[in-house]
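To start, the structure itself, in structure tokens.
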There are 2 protein chains.
Amino acid sequence: MSIAIENFVKAIYKNDKNDSNNTKPGNIAKKLGISNAAATDMAKKLASKDLLHYEKYQELQLTDKGTQMALNIVRKHRLWEALLFKLFDMSLHEIHKEAELLEHQTSDFLADKISAYLGNPKFDPHGDPIPNAKGEITTVDNSIALSQTQAGETYIISRLMSDDKEFFDFCALHGLKYGNRITVTNQFKNNRMTQISINNNTILLNEDFTNIIYVNESN
Amino acid sequence: MSIAIENFVKAIYKNDKNDSNNTKPGNIAKKLGISNAAATDMAKKLASKDLLHYEKYQELQLTDKGTQMALNIVRKHRLWEALLFKLFDMSLHEIHKEAELLEHQTSDFLADKISAYLGNPKFDPHGDPIPNAKGEITTVDNSIALSQTQAGETYIISRLMSDDKEFFDFCALHGLKYGNRITVTNQFKNNRMTQISINNNTILLNEDFTNIIYVNESN
DNA sequence: AAACTTTTTTAAGTATACTTAAATTTTATT
DNA sequence: AATAAAATTTAAGTATACTTAAAAAAGTTT
């Protein structure tokens, strides 16, 4: 299967996991930076390969086969992120960009080698779960968006759900990192802002960030 | 530049380094597993990109720009080989196959990270030189093919110039590995065979192997 | 040097993955 | 419910990287 196909299947999968309300060709096209027409063409082609269900004007839906393919690619992506993060001094954004390319040129054999080398990790450096070789994912039920937290409570950062350079630069600057401890000092519901304390510094975060930073309750 | 272009340029470069007598489209086509017509087409296209000199019915010759591109790809290939060899339990043949794919999806930035992590090695696990970021290569002048060695002398294996699985399986079985010591016990010139001693075992090698195993004199 | 063989080139055609522009259908608005 | 807006689909066309088949040139043999 080509890189274009892999990226298309992956985009549908990720779309389903996030803003699942729109999996029509146009929305996928926007995420991939291709025209709507190209996305429709591709959808038809993938339907003929039994990777997704396609009906005119309806939402695209991955078949089991398509889902397995997506999980396989996501697995490789996140394993590369984990490996590059461990070995090299690179930002999460740089790591993501490289993994985006490497994921398509990685045999299952090599993926398993990377996984074993890392001790079969269940999460990547963003806190995103790494599917195992069978495509099974460890769910992270009890993690919630920072926007949904309680003022006065302390939490552990469990996921940074973004690919954006500016976001990661901000996180790196303030110590917002997978596994780190933060205290929510104020929730300004009306302004949709959250004030946190980390490393004795106080930071005010707006909704753009508090919706993509996930945390677990700190026991 | 596309993967097809990168592989074409690399094939010319490697051809020049080995059986340099024929760099015409047909020979390159054979190495890449494409038709002669496709190779001619590609040669014309690359000439228009100033990557090689093309004149009808003549040998193909890389320009400086083309040579730099080839060296950049070879650098990435050999850095991946060195990294995979260090981290994972994989055969030289498996490592080669993975590197063949990864080399095209590796930024200069990542290549430099890999190189630094490995301590900027000058040679890969086959003993082949790794070009530096500027495309400069450490020459290995004093290494000679096993077929050219003297009976009675002891040598250090410096290069295993092959991509072939069977060859590497054979090498692994008998301890023929980069850096290992061997003694040439007999040179059967008429039969083009070389008898060596390694780890107290005697092995008789024919020309197919003695021409691709390179050694240095052992001081 | 003529004849044969091999290689290279040209020409025509294919699959993939896109594009833009127009037509169609769906969705939202009044 | 009619109309306007937005999205989707169809249609036609492009670039890349190939293919096969035929024509042309080069190389080899006798």
Side-chain angles (χ1 to χ4, degrees), chain A residues 1-13 15-16 18-62 65-66 69-70 73 100-101 103-105, chain B residues 1-13 15-16 18-62 65-66 69-70 73 100-101 103-105:
Chain A
M1 298 289 176
S2 68
I3 294 175
I5 290 178
E6 291 190 352
N7 278 331
F8 199 87
V9 166
K10 193 178 75 164
I12 296 173
Y13 177 83
N15 197 253
D16 268 8
N18 301 326
D19 53 316
S20 64
N21 48 332
N22 182 355
T23 319
K24 289 185 183 163
N27 198 31
I28 304 301
K30 209 190 306 174
K31 310 231 164 175
L32 292 173
I34 60 176
S35 69
N36 287 9
T40 300
D41 275 4
M42 190 58 109
K44 282 187 197 166
K45 183 203 274 189
L46 296 202
S48 81
K49 289 183 190 289
D50 191 32
L51 290 168
L52 53 79
H53 299 299
Y54 172 72
E55 276 191 83
K56 271 190 188 182
Y57 304 107
Q58 301 309 121
E59 308 253 327
L60 305 178
Q61 261 198 304
L62 290 180
K65 188 176 162 190
M69 177 186 269
I73 302 159
E100 203 74 2
L101 300 176
E103 64 186 13
H104 304 294
Q105 305 294 344
Chain B
M1 298 289 176
S2 70
I3 294 175
I5 290 177
E6 291 190 352
N7 278 331
F8 198 88
V9 166
K10 193 178 77 164
I12 296 173
Y13 176 82
N15 197 252
D16 268 9
N18 302 325
D19 54 316
S20 64
N21 48 332
N22 181 356
T23 319
K24 288 186 183 161
N27 197 31
I28 304 302
K30 209 191 305 175
K31 311 229 165 179
L32 291 173
I34 61 176
S35 68
N36 287 9
T40 300
D41 274 6
M42 191 56 109
K44 282 187 197 168
K45 184 202 272 186
L46 297 203
S48 81
K49 289 183 191 289
D50 192 32
L51 290 168
L52 53 79
H53 299 297
Y54 173 71
E55 276 191 82
K56 271 191 190 181
Y57 303 109
Q58 302 308 121
E59 308 254 327
L60 305 177
Q61 261 198 303
L62 291 179
K65 187 176 162 191
M69 176 186 268
I73 302 159
E100 203 74 4
L101 300 176
E103 64 186 12
H104 304 294
Q105 306 294 346

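Keep in mind it's a predicted model, so treat the numbers as computed, not measured.
- Judged as a side-chain contact (heavy atoms from CB on, under 4.5 Å), and not counting sequence neighbours, the contacts of A/Ala37 are A/Ser35.
- At whole-Å resolution of the value, CD1 in B/Ile3 and C1' in D/dA17 are 12 Å apart.
- B/Met1 places its CE atom 10 Å from the P atom of D/dA17, with the value rounded to the nearest Å.
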Is there any protein nitrogen or oxygen under 3.5 Å from a nitrogen or oxygen in nucleotides 1-4 of chain C, and what are the pairs?
none

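- Remark: B/Ile34 CD1 to B/Asp41 CG distance equals 9.0 Å, nearest 0.5 Å.
- Taking all atoms of both residues into account, the shortest heavy-atom contact from B/Pro25 to B/Thr40 is CB-OG1, 3.9 Å.
- Contact check for B/Ile73 versus B/His104: side-chain heavy atoms found under the 4.5 Å cut-off.
- Near DNA chain C, defined here as any heavy-atom distance below 4.0 Å, the residues from residues 35-46 of chain B are B/Asn36, B/Ala37, B/Thr40, B/Lys44, listed numerically.
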Under 3.5 Å, sequence neighbours excluded: what are the donor-acceptor pairs made by side chains of residues 46-56 of chain B?
| unit_1 | atom_1 | unit_2 | atom_2 | d |
| --- | --- | --- | --- | --- |
| B/Ser48 | OG | B/Lys45 | O | 2.6 |

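- Nearest heavy atom pair, residue A/Met1 against residue A/Glu6, reads O-OE2, 4.0 Å.
- Here C/dT6 presents its P atom at 16 Å from CG of B/Asn27, a figure rounded to the nearest Å.
- Rounded to whole Å, the distance from CD on A/Glu55 to C1' on D/dT8 is 15 Å.
- Rounded to whole Å, the distance from CD1 on B/Ile34 to P on D/dT16 is 16 Å.
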Report each atom pair, protein N/O against N/O of nucleotides 23-29 of chain D, whose distance is under 3.5 angstrom.
| unit_1 | atom_1 | unit_2 | atom_2 | d |
| --- | --- | --- | --- | --- |
| D/dA25 | O4' | B/Tyr57 | OH | 3.3 |

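- Here C/dT25 presents its P atom at 12 Å from OH of A/Tyr54, a figure rounded to the nearest Å.
- Checking side-chain atoms of A/Glu59 against main-chain N and O of A/Lys24 turns up no donor-acceptor pair under 3.5 Å.
- For B/Gln105, there are no side-chain hydrogen bond (donor to acceptor under 3.5 Å, both in side chains) partners, not counting sequence neighbours.
- In terms of heavy atoms, A/Tyr13 sits closest to A/Ala70 at CB-CB, 3.5 Å.
- Here the P atom of nucleotide C/dT16 and the NZ atom of A/Lys49 are 6 Å apart, to the nearest Å.
- Residue contacts for B/Phe8: at a heavy-atom cut-off of 4.0 Å it reaches no nucleic acid atom on any strand shown.
- Taking atom CG on A/Leu32 and atom C1' on C/dC18, their separation rounds to 12 Å, with Å as the unit.
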Using the side-chain contact (heavy atoms from CB on, under 4.5 Å) rule, take B/Lys31 and B/Asn7 through it: C-alpha gap first, then chi angles, then the decisive distance, then the call. CA-CA 10 Å; B/Lys31 311 229 165 179; B/Asn7 278 331; over 6 Å; no
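- The side-chain contact (heavy atoms from CB on, under 4.5 Å) test with A/Asp16 is passed by exactly one of A/Leu60, A/Thr23, A/Leu62: A/Thr23.
- Judged by distance alone, the side chain of A/Asn22 and the main-chain N or O of A/Asn27 form no donor-acceptor pair under 3.5 Å.
- You'll find the side chain of A/Met42 stays beyond 4.5 Å of the side chain of A/Leu32, heavy atoms only.
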Using nucleotides 3-5 of chain D, report all nitrogen or oxygen pairs with the protein that are shorter than 3.5 Å.
none

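- Every residue two or more places apart in sequence or in another chain that forms a side-chain contact (heavy atoms from CB on, under 4.5 Å) with A/Asn36 is listed here: A/Ala29.
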